[in-house]
S.K.: 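My questions will all concern the structure given below.
First listed ligand is number 1; within each ligand, the first listed atom is number 1. Values below: all heavy atoms of this structure, side chains included; hydrogens, waters and symmetry mates excluded. Here the structure is a predicted model, which is why all the values come from computation and not from measurement.
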Amino acid sequence: MKGMNNKLLIVNLESKKISDFAISDEILDNYIGGRGLGVKIFTDRIPPKIDPLSPENILIFATGPFGGTAIPTNGRFSLVTKSPLTGGIFYSNSGGFFGVFMKKCGYDGILIEDALKTPGYLVIDGEEGAKIKDASEIWGLDTEETLDKLRNIEGQNIHTLMIGPAGENLVKIASIMNDAARAFGRGGVGAVMGSKKLKAIVVKGGKKKFEIKDPDLLKKYIRVAQDKIKVVPITRSSLPKFGTSALVNVINILGMFPINNFQKGYDERSFQVSGEEINAKLLQEPEGCFACPIRCGRLTKAGDMKGKGPEYESVWALGPNLGVFDLITITQANYLCNKLGIDTISCGGSIACGMELQQNGLIKNEDLQFGNASVLKKLVKQIAYQEDIGAELCEGTSRLAKKYNSFETAMQVKNLELPAYDPRGAIGHALGYATSNRGGCHLTGYMASLEIFAAPKKIDRFTIGGKPDLLALKQNQKAIEDSLVICAFAGWSLGLDYYARFLTAITGTDYDVITLTRIGERIYNLWGGAGGKSTSIEEKVD
Ligand code: SF4
């Protein structure tokens, strides 16, 4: 397919054999790239019942035909693996620069299989090829320390994926950090990398070009898309000005902002953690991924610490859902999650579950009190190192609540902790959680765009009629976005009609909205096939 390298790098960690694998046009025509390519390769190779933390599991990082072009927000890329948290096959999506640099090294994806005997890291050098190196100097370091060391060793112009101590310790809510600030956050994917003793992946030095069928036509379409992004209020103003935490006040006023482990949907103190307050008290400067005119990221300073975030989901998970409204403490806990390599949503969800168990007299632990901001950073560290109560919280809400025979305190779907929208406030969004093929996720088919933000059209959030069909459409469309590789936030301004035109200009093949939606449906449904069959929580716990 034009726009791709048609090449996957396969790295066998046990034998240390590194080889190129040609990806057929048939696979790319049917699954495009990114998430679609990852799920196709995963389901072709991996039987459903493998242990996610065994050498049989694989990690596939993949970009798509938009990656590395000038199409707005194409810095996203996908990861597919089997999740130790949910027991199902799992996709995750991250932004930044790594995916584009990987593509410039000549690869549409990297497949990691088996496991190292001692800690190592993988370097993919566009000039000199790929090799596995000893990681004894960086094993045990946090992600910021790891990035500093890797820059000293490999040069300043690198991009990295890495795990922190949580991934090394096989914590089931560990993330893979991307340049120490962005993340493949969800599903415990960091533990999969930890089980392979792979501390980091470095890309550098790539100068490969991929062919575009009609570059002038693509430029013309990109200009139109950039103009649209500049006029639609959310992409022109809300996200660039306030970041994703622009959502806090809106969702709170609607009574959908979960407080104290979803016991309430509104708290008048929530404005204290809003995007407006982050701007006023913490913001150093906005930042963005490759080729992104929106730049929703926030570089911030909180007390004596600096870092990135907090994003909407993180500020909620580590704040109001724990009854905590102290923005400095929340932000520092968020930095700590990034340094230790922990998913902020599942971290906050697990602590909130523990607090409700304590509230109900089932856990005896004085730290686990709603509103107790002073222990937040201590709890995050305990989770990363599996110490004290952290040894229970690090298992995620399903296992924690099951242990205390109080499963209703686990706010999750398919063992994945819910994000920051109370499902009782929007019926379609609730159905999205229930049917999401990776578990409790708002991104798999974001019905809130219709039910809350009237984009492209307002529908009543409390009615049922017609929503299953609409949701299925949105789920299929998100699957294709993740496969072309374009940020979900571009969807506020653009849509599949734009993406079909981009892909036509790149490949020379005519694409339209219906064709792309059908490919998305194929990807979404393949997910639920043999490879997607979850190991149940009963099997995992008993
Ligand atoms: S909108 Fe935000 S997350 Fe999306 S590509 Fe831009 S900076 Fe990255």
Side-chain angles (χ1 to χ4, degrees), residues 33-35 61 63-79 91-103 159 161 175-186 222 225-248 275 278-279 283-300 307-315 334 338 343-345 419-420 441-444 446 448-449 453 455 477-478 480-495 498-499 502:
R35 173 176 155 191
F61 301 94
T63 183
F66 291 2
T69 65
I71 292 169
T73 79
N74 73 71
R76 313 291 308 184
F77 64 120
S78 285
L79 161 64
Y91 78 87
S92 188
N93 191 276
S94 185
F97 295 81
F98 186 98
V100 172
F101 272 61
M102 173 180 77
K103 197 168 175 185
H159 289 285
L161 300 178
S175 54
I176 294 175
M177 296 303 297
N178 174 351
D179 284 340
R182 294 183 178 272
F184 286 110
R186 313 233 56 205
I222 289 171
Q226 285 167 334
D227 287 346
K228 183 89 187 288
I229 285 172
K230 279 187 216 144
V231 295
V232 171
I234 292 184
T235 51
R236 182 199 70 217
S237 175
S238 309
L239 283 168
K241 269 193 190 155
F242 300 112
T244 51
S245 297
L247 284 171
V248 169
I278 291 172
N279 267 17
L283 183 66
Q284 302 277 286
E285 57 178 314
E287 67 89 46
C289 306
F290 179 82
C292 179
I294 302 170
R295 295 170 64 80
C296 74
R298 315 275 92 181
L299 296 177
T300 52
K308 185 166 172 296
E311 301 286 338
Y312 169 68
E313 302 294 338
S314 307
V315 85
N334 177 67
N338 288 348
D343 174 27
T344 52
I345 299 178
C441 170
H442 58 303
L443 293 171
T444 313
Y446 190 65
S449 60
F453 299 105
Q477 292 184 342
K478 184 64 170 65
I480 195 70
E481 284 173 17
D482 289 344
S483 306
L484 295 162
V485 301
I486 190 154
C487 181
F489 297 150
W492 291 110
S493 299
L494 312 178
Y498 283 81
Y499 306 158
F502 294 152

S.K.: Can you tell me which residue and heavy atom of the protein come closest to atom 3 (S) of ligand 1, and the distance to 0.1 Å?
M.R.: Arg76 NH1, 3.3 Å
S.K.: Do Leu239 and Trp492 come close enough that some side-chain heavy atom pair is under 4.5 Å?
M.R.: yes
S.K.: Should you measure from each heavy atom of Phe489, which atoms of ligand 1 turn up under 4.0 Å away?
M.R.: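 The list of qualifying atoms is 1 (S), 4 (Fe).
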S.K.: Quick one: look up the protein heavy atom nearest atom 2 (Fe) of ligand 1 and list residue, atom name and how far away it is.
M.R.: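 Atom 2 (Fe) of ligand 1 sits closest to the protein heavy atom Cys296 SG, 2.3 Å.
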S.K.: Answer with side chain, backbone, both or neither: which part of Cys487 has a heavy atom less than 4.0 angstrom from an atom of ligand 1?
M.R.: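 Near ligand 1, Cys487 shows its side chain, while the N, CA, C and O stay back.
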S.K.: Which atoms from ligand 1 have a heavy atom of Thr73 less than 4.0 Å away?
M.R.: 5 (S)
S.K.: Please write down residue, atom name and distance for the protein heavy atom closest to atom 8 (Fe) of ligand 1.
M.R.: Cys289 SG, 2.4 Å
S.K.: Looking at atom 2 (Fe) of ligand 1, is there an N, O or S atom belonging to Cys292 that lies under 2.8 Å away from it?
M.R.: no
S.K.: Kindly determine whether Leu494 and Ile229 satisfy side chain to side chain contact (heavy atoms under 4.5 Å, CB included), including the steps that lead there.
M.R.: CA-CA 7 Å; Leu494 312 178; Ile229 285 172; 4.2 Å; yes
S.K.: Measure from the ring center of Phe77 to the ring center of Phe184 and say whether it is less than 6.0 Å.
M.R.: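 For Phe77 and Phe184, the ring centres are under 6.0 Å apart.
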S.K.: So which atom in Gly297 and which in Arg182 form the shortest heavy-atom distance, rounded to 0.1 Å?
M.R.: CA-NH2, 4.4 Å
S.K.: Say you draw a straight line from CD of Glu313 to CG of Leu443; how long is it, rounded to the nearest 0.5 Å?
M.R.: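 Reported to 0.5 Å precision, the distance equals 7.5 Å.
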S.K.: Can you find a heavy atom in the side chain of Arg35 that is under 4.5 Å from one in the side chain of Arg76?
M.R.: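 Result no, sub-4.5 Å side-chain heavy-atom pair not found.
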S.K.: With a 4.0 Å cut-off on heavy atoms, is Gly95 touching ligand 1?
M.R.: no
